[in-house]
Amino acid sequence: MVYPIVMYGDPVLRKRAKEIEKASDLKPFIQDMFDTMYAAHGIGLAAPQIGKGIRLFVVDGTTLEDIEDDMTGFKKVFINPEILEENGDEWEFEEGCLSIPNIRENVARQAELKIRYFDEDWNLKTEKYDGMKARIIQHEYDHLDGKMFVDYLSPLKKRMLKGKLTDISKGDVDTEYRILAPLKK
Ligand code: NI
């Protein structure tokens, strides 16, 4: 099932998402997450973005062609993830977000991370990532803590985007996927 994607301004995107009870059968939900992400041509999607305040996100970077990093096998589900460390120099990249359509801005993030999480079969994993994979994980992980990429922008940039963000909250934005806008009348 393809869900509408929750737009900027919805409180669900600003709350700390809740831990998921171990051994829950998440398979149908995970399928919905992937279906929704692919329908919107995203490379990552966090549960709060479909209105569910739980600690789960999915990624699939395997369709990225214009990126130098090797994305082979980078189709994954992260359940109750915990970033254990972030290392390396910060680097900037223009990020976007399905909940903030048609806005892209440079965000600086650290280059490497170590993350512990459960996969879709509730196996506990600890892995290291760098480059674009790390960035995708950092962006989605932020969603579970109620954080969005625009939070990293300068006060000036934020002021400049304010009108556009308000339009997005009202549903006044062009997308090729279904959206749920909190201020839509
Ligand atoms: Ni996002």
Side-chain angles (χ1 to χ4, degrees), residues 2-18 20 29-30 32-64 66-67 69 71 74-83 86 90-110 113 115 117 129 131-154 157-158 161-162 164-171 173-183:
V2 173
Y3 283 82
I5 294 191
V6 171
M7 292 293 103
Y8 182 89
D10 192 301
V12 74
L13 295 173
R14 288 311 196 178
K15 281 182 194 130
R16 187 180 190 276
K18 295 208 165 70
I20 299 172
F29 181 72
I30 289 165
D32 290 346
M33 287 285 293
F34 277 112
D35 290 348
T36 303
M37 181 176 78
Y38 294 138
H41 301 289
I43 53 173
L45 184 72
Q49 294 182 276
I50 61 168
K52 313 286 182 197
I54 57 174
R55 301 187 77 76
L56 182 154
F57 64 82
V58 299
V59 301
D60 187 350
T62 60
T63 53
L64 286 180
D66 53 342
I67 298 287
D69 295 42
M71 289 284 172
F74 193 58
K75 178 190 172 187
K76 286 175 164 285
V77 182
F78 293 82
I79 299 167
N80 292 345
E82 199 183 337
I83 291 183
E86 287 182 282
E90 289 197 341
W91 62 291
E92 286 201 345
F93 187 82
E94 222 176 50
E95 292 190 17
C97 179
L98 294 176
S99 295
I100 312 177
N102 309 336
I103 294 181
R104 300 189 69 84
E105 294 291 343
N106 270 329
V107 176
R109 297 190 191 267
Q110 281 189 276
L113 62 81
I115 187 167
Y117 66 97
Y129 289 96
M132 193 56 65
K133 291 179 196 151
R135 177 173 294 273
I136 295 168
I137 289 170
Q138 287 158 329
H139 178 116
E140 299 311 326
Y141 186 86
D142 272 353
H143 277 298
L144 304 186
D145 287 339
K147 220 165 166 185
M148 303 182 82
F149 82 85
V150 289
D151 302 346
Y152 294 98
L153 304 178
S154 69
K157 259 269 143 63
K158 279 183 197 160
L161 288 176
K162 205 169 176 219
K164 274 193 194 170
L165 290 172
T166 303
D167 287 346
I168 289 170
S169 298
K170 288 178 179 163
V173 63
D174 273 336
T175 57
E176 286 173 4
Y177 48 93
R178 271 201 308 145
I179 64 171
L180 200 64
L183 300 180

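Whatever order the structure lists ligands and atoms in, that order sets their numbers, starting from 1.
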(request) State which residues pass side-chain hydrogen bond (donor to acceptor under 3.5 Å, both in side chains) with D32; sequence neighbours excluded, sorted by chain then number. (result) none
(message) Please give me the minimum heavy-atom distance between V2 and D35, naming the atom from each residue.
(response) CG2-O, 3.8 Å
(request) Salt-bridge test for D145 and R55: reply yes if a basic N is under 4.0 Å from a carboxylate O, no otherwise. (result) yes
(message) Against the six-membered ring of F34, is K75 placed for a cation-pi contact (under 6.0 Å from the centre, within 45° of the normal)?
(response) yes
(request) Evaluate the side chain to side chain contact (heavy atoms under 4.5 Å, CB included) criterion for residues K147 and Y152: first the C-alpha distance (whole Å), next the side-chain angles of each, then the deciding distance (0.1 Å), finally the verdict. (result) CA-CA 9 Å; K147 220 165 166 185; Y152 294 98; 3.5 Å; yes
(message) Around the Ni ion (ligand 1), how many protein N, O or S atoms are found at less than 2.8 Å?
(response) 3
(request) Output, in order, the C-alpha distance, side-chain angles, deciding distance and verdict of side chain to side chain contact (heavy atoms under 4.5 Å, CB included) for L13 and Q49. (result) CA-CA 7 Å; L13 295 173; Q49 294 182 276; 4.0 Å; yes
